[in-house]
Asks: 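Below is the structure I would like to discuss, written out as structure tokens.
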Amino acid sequence: MNSAIKSKLRLNLRARRQSLSREQQSIAASQLMRRLIQLPAFRSARHIAGYIASDGEISPATLLRHADLCAKHCYLPKISQAASSNSMAFYPYHHRQQLRPNRYGIGEPPGLHRQAQAANKLDIVLLPLTAFDKAGRRLGMGGGYYDRAFAFKRNTKARKPIMIGLAHHCQEVNSLPSDDWDIPLDFIVTDRQVMKVKKR
Ligand SMILES: Nc1nc2c(c(=O)[nH]1)N(C=O)[C@@H](CNc1ccc(C(=O)N[C@@H](CCC(=O)O)C(=O)O)cc1)CN2
Ligand SMILES: Nc1ncnc2c1ncn2[C@@H]1O[C@H](COP(=O)(O)OP(=O)(O)OP(=O)(O)O)[C@@H](O)[C@H]1O
């Protein structure tokens, strides 16, 4: 039931972010940077996972470049190549590094398996949202990659990593359905606001 609602919302909200112009994207990315850089969680973080924006997602590229230059360790998600598997791990990333497109056309670092950083050793994770609501619920791309990689956060109430969902302001909806497996966010940051999510 929820899955049908989520699929429909996903189509709708993806179209919304895809329709933003280059200029709107660029302004949104700078506003996002300005807000994120002030977050104490970002300032104190040493290990930061981000992503390469795709499909109209708001881009954290400037922030990752800044973090890299400040000698923080940056990571990007890399999905398993086997079509039958749907796992994702985080690999070291330097801002001028050559990336290789995955099966969705999203750039990934070349890193070897042994270089992957354990998800619970990351300080903050910047994750792309397809939609969000005021209660802090999130909708991703539907692969369940983030939900699976950070499922340990639901079971152990681990404080780390701090999960920060990023989205354009226009991706907010009134209310999203939630499922047991959805991992909770700590913050949602958009080009217009920083929202601390209340614990449920
Ligand atoms: N920038 C970015 N990187 C990311 C994610 C993300 O959402 N954004 N992911 C977060 O999970 C993982 C990749 N997950 C993805 C899941 C679905 C689709 C996607 O475009 N699906 C298409 C068609 C699928 C197909 O052809 O099989 C679709 O739903 O239309 C893309 C990425 C890892 N890296
Ligand atoms: N911890 C988990 N273990 C196994 N399957 C999971 C887990 N979490 C989510 N899934 C599966 O992943 C699928 C997609 O879930 P959902 O629609 O909530 O994705 P999403 O949150 O949009 O994606 P993402 O987490 O990649 O951003 C569902 O079919 C769900 O059963």
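We count ligands from 1, going down the list as the structure has it; atoms in each ligand are counted the same way. Numbers for residues simply follow the sequence, beginning at 1.
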Asks: For a 4.5 angstrom cut-off between non-hydrogen side-chain atoms, does L129 reach L185?
Replies: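 Contact flag for L129/L185 side chains = yes.
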
Asks: Protein heavy atoms near atom 23 (C) of ligand 1, is at least one of them under 4.0 angstrom away?
Replies: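 No, there is no protein heavy atom closer to it than 4.0 Å.
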
Asks: So is there a nitrogen or oxygen of D179 less than 3.5 Å from a nitrogen or oxygen in ligand 2?
Replies: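 By distance alone, the answer is no.
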
Asks: Return the residue, atom name and 0.1 Å-rounded distance of the protein heavy atom closest to atom 25 (O) of ligand 2.
Replies: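 Result: D147 N, 3.0 Å.
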
Asks: Please round to the nearest 0.5 Å and tell me the distance separating atom CE of M163 and atom CZ of F187.
Replies: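 These two atoms lie 13.0 Å from each other.
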
Asks: Got the closest protein heavy atom to atom 23 (O) of ligand 2, with its distance?
Replies: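 For atom 23 (O) of ligand 2, the nearest protein heavy atom is G144 N, 3.1 Å.
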
Asks: May I ask you to identify the nearest protein heavy atom to atom 10 (C) of ligand 1, giving residue, atom name and distance to one decimal place in Å?
Replies: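 Atom 10 (C) of ligand 1 sits closest to the protein heavy atom Y146 CE1, 3.4 Å.
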
Asks: Tell me: protein heavy atom nearest atom 4 (C) of ligand 1, and distance?
Replies: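 I find the closest protein heavy atom is I106 CD1, 3.9 Å.
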
Asks: Taking atom CD of Q18 as the centre, report whether more than 12 heavy atoms of other residues, nucleotides or ligands fall under 6.0 Å from it.
Replies: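 For Q18, atom CD is crowded (more than 12 foreign heavy atoms under 6.0 Å).
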
Asks: Which residue from K6, R10, R138 reaches closest to atom 27 (O) of ligand 2 through any of its heavy atoms?
Replies: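 Looking at heavy atoms only, R138 sits closest to atom 27 (O) of ligand 2.
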
Asks: Counting only heavy atoms, tell me which of P77, G165, G140, G143 gets closest to atom 22 (O) of ligand 2.
Replies: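 When every heavy atom of P77, G165, G140, G143 is considered, G140 comes closest to atom 22 (O) of ligand 2.
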
Asks: Where is the nearest protein heavy atom to atom 9 (C) of ligand 2: which residue, which atom, and how far?
Replies: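 Checking every protein heavy atom, the shortest distance to atom 9 (C) of ligand 2 gives W181 CD1, 3.1 Å.
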
Asks: Counting from 1, what ligand 2 atoms have a heavy atom of A151 closer than 4.0 Å?
Replies: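 Counting atoms of ligand 2 from 1, those under 4.0 Å from A151 are 1 (N).
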
Asks: Measure the shortest side-chain to side-chain distance between P161 and F150 over non-hydrogen atoms and say whether it is less than 4.5 angstrom.
Replies: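 Heavy-atom side-chain distance check passes, below 4.5 Å.
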
Asks: If the cut-off is 4.0 Å to any non-hydrogen atom of Y146, which atoms of ligand 2 fall inside it?
Replies: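 That gives atoms 24 (P), 25 (O), 26 (O) of ligand 2.
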
Asks: Please report which non-hydrogen protein atom sits nearest to atom 30 (O) of ligand 1, along with the residue it belongs to and the distance in Å to one decimal place.
Replies: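 For atom 30 (O) of ligand 1, the nearest protein heavy atom comes out as R14 NH1, 3.0 Å.
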
Asks: What protein heavy atom is closest to atom 26 (O) of ligand 2, reported as residue, atom name and distance in Å?
Replies: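 In this structure, atom 26 (O) of ligand 2 has Y145 N, 2.8 Å as its nearest protein heavy atom.
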
Asks: List every atom of ligand 1 that sits less than 4.0 Å from any heavy atom of M88, numbering the atoms from 1 in the order shown and giving each element.
Replies: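 So the atoms of ligand 1 that pass are 33 (C).
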
Asks: Note the single closest protein heavy atom to atom 11 (O) of ligand 1, along with its residue, its atom name and the distance in Å.
Replies: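 In this structure, atom 11 (O) of ligand 1 has Y145 CD1, 3.4 Å as its nearest protein heavy atom.
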
Asks: Using a 4.0 Å cutoff against the non-hydrogen atoms of I52, which atoms of ligand 1 qualify?
Replies: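 Listed by number with element, the hits are 1 (N), 2 (C).
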
Asks: Which atom pair, heavy atoms only, marks the closest approach of H95 to L69?
Replies: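 Closest heavy-atom pair between H95 and L69: CE1-CD2, 3.6 Å.
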
Asks: Looking only at non-hydrogen atoms, which of K78, R103, M141, E108 approaches atom 20 (O) of ligand 1 most closely?
Replies: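 The nearest heavy atom belongs to M141.
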
Asks: May I ask whether atom 29 (O) of ligand 2 is less than 4.0 Å from at least one protein heavy atom?
Replies: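 No, there is none.
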
Asks: Heavy-atom count check: over 12 atoms from other residues, nucleotides or ligands less than 6.0 Å from R43 CZ?
Replies: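 No.
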
Asks: Between D186 and K198, does at least one N-O distance fall below 4.0 Å, as a salt bridge requires?
Replies: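 No salt bridge links D186 with K198.
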
Asks: With heavy-atom distances below 4.5 Å as the criterion, would you say the side chains of Q117 and P92 are in contact?
Replies: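 No, too far: nothing below the 4.5 Å cut-off.
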
Asks: Measure from NZ or CZ of K121 to the centre of the six-membered ring of F90, then state whether that distance is under 6.0 Å and the direction lies within 45° of the axis.
Replies: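 Judged by the rule (NZ or CZ under 6.0 Å from the ring centre, within 45° of its axis), K121 is not positioned above F90.
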
Asks: Considering non-hydrogen atoms of the protein only, which is the closest contact for atom 27 (O) of ligand 1, and what is the distance?
Replies: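 Checking every protein heavy atom, the shortest distance to atom 27 (O) of ligand 1 gives Y104 CE2, 4.2 Å.
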
Asks: Strictly distance-based, threshold 3.5 Å: is any side-chain N or O of R46 a donor or acceptor partner for the main-chain N or O of H73?
Replies: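 No, the answer is negative, given that no donor and acceptor are paired below the 3.5 Å cut-off.
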
Asks: Atoms of ligand 1 less than 4.0 Å from P128 heavy atoms?
Replies: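 By the 4.0 Å cutoff, the relevant atoms are 6 (C), 7 (O), 8 (N).
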
Asks: Can you confirm whether more than 12 heavy atoms, excluding those of R148, are under 6.0 Å from its CZ atom?
Replies: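 Yes.
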
Asks: Counting only heavy atoms, tell me which of S178, P177, G142 gets closest to atom 13 (C) of ligand 2.
Replies: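 Going through S178, P177, G142 one by one, G142 has the nearest heavy atom to atom 13 (C) of ligand 2.
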
Asks: Considering only the protein, which heavy-atom contact is closest to atom 8 (N) of ligand 1, and what is its distance?
Replies: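 The closest one turns out to be E57 OE2, 2.8 Å.
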
Asks: Just to be sure I read this right, does ligand 1 sit under 4.0 Å from the backbone of R10, its side chain, both, or neither, counting only heavy atoms?
Replies: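 It is neither; nothing of R10 touches ligand 1.
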
Asks: As an exercise, identify every atom of ligand 1 less than 4.0 angstrom from a heavy atom of I79.
Replies: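 Numbered from 1, ligand 1 contributes 33 (C).
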
Asks: When you compare the side chain of P77 with that of Y145, does any pair of heavy atoms fall below 4.5 Å?
Replies: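 No, every pair of side-chain atoms sits at 4.5 Å or beyond.
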
Asks: Are there over 12 heavy-atom neighbours, none belonging to R103, within less than 6.0 Å of that residue's CZ?
Replies: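 Above 12, so yes.
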
Asks: Do H168 and Q24 have side-chain atoms, one donor and one acceptor, less than 3.5 Å apart?
Replies: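 Note: H168 and Q24 side chains miss the donor-acceptor criterion.
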
Asks: Using a 4.5 Å cut-off on heavy atoms from C-beta on, say whether the side chain of D68 contacts that of R65.
Replies: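 Not touching, per the 4.5 Å side-chain cut-off.
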
Asks: Given that the side chain starts at C-beta and the backbone is N, CA, C, O, which of these parts of M141 lies under 4.0 Å from ligand 2, counting heavy atoms, or is it both or neither?
Replies: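 The answer is the backbone.
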
Asks: Taking side chain as C-beta onward, heavy atoms only, is I52 less than 4.5 Å from L76?
Replies: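 Yes. Closest side-chain heavy atoms under 4.5 Å.
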
Asks: My understanding is that we take every heavy atom of each candidate and find the minimum distance to atom 3 (N) of ligand 2. Doing that for M88, R154, R148, which one comes out nearest?
Replies: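 The nearest heavy atom belongs to R148.
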
Asks: Give the atoms of ligand 1, by number and element, whose distance to some non-hydrogen atom of P77 is under 4.0 Å.
Replies: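 Here the atoms of ligand 1 in question are 34 (N).
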
Asks: Could you tell me whether D182 approaches ligand 2 through its side chain, its backbone, both or neither, with non-hydrogen atoms closer than 4.0 Å?
Replies: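 Side chain only; the backbone of D182 stays clear of ligand 2.
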
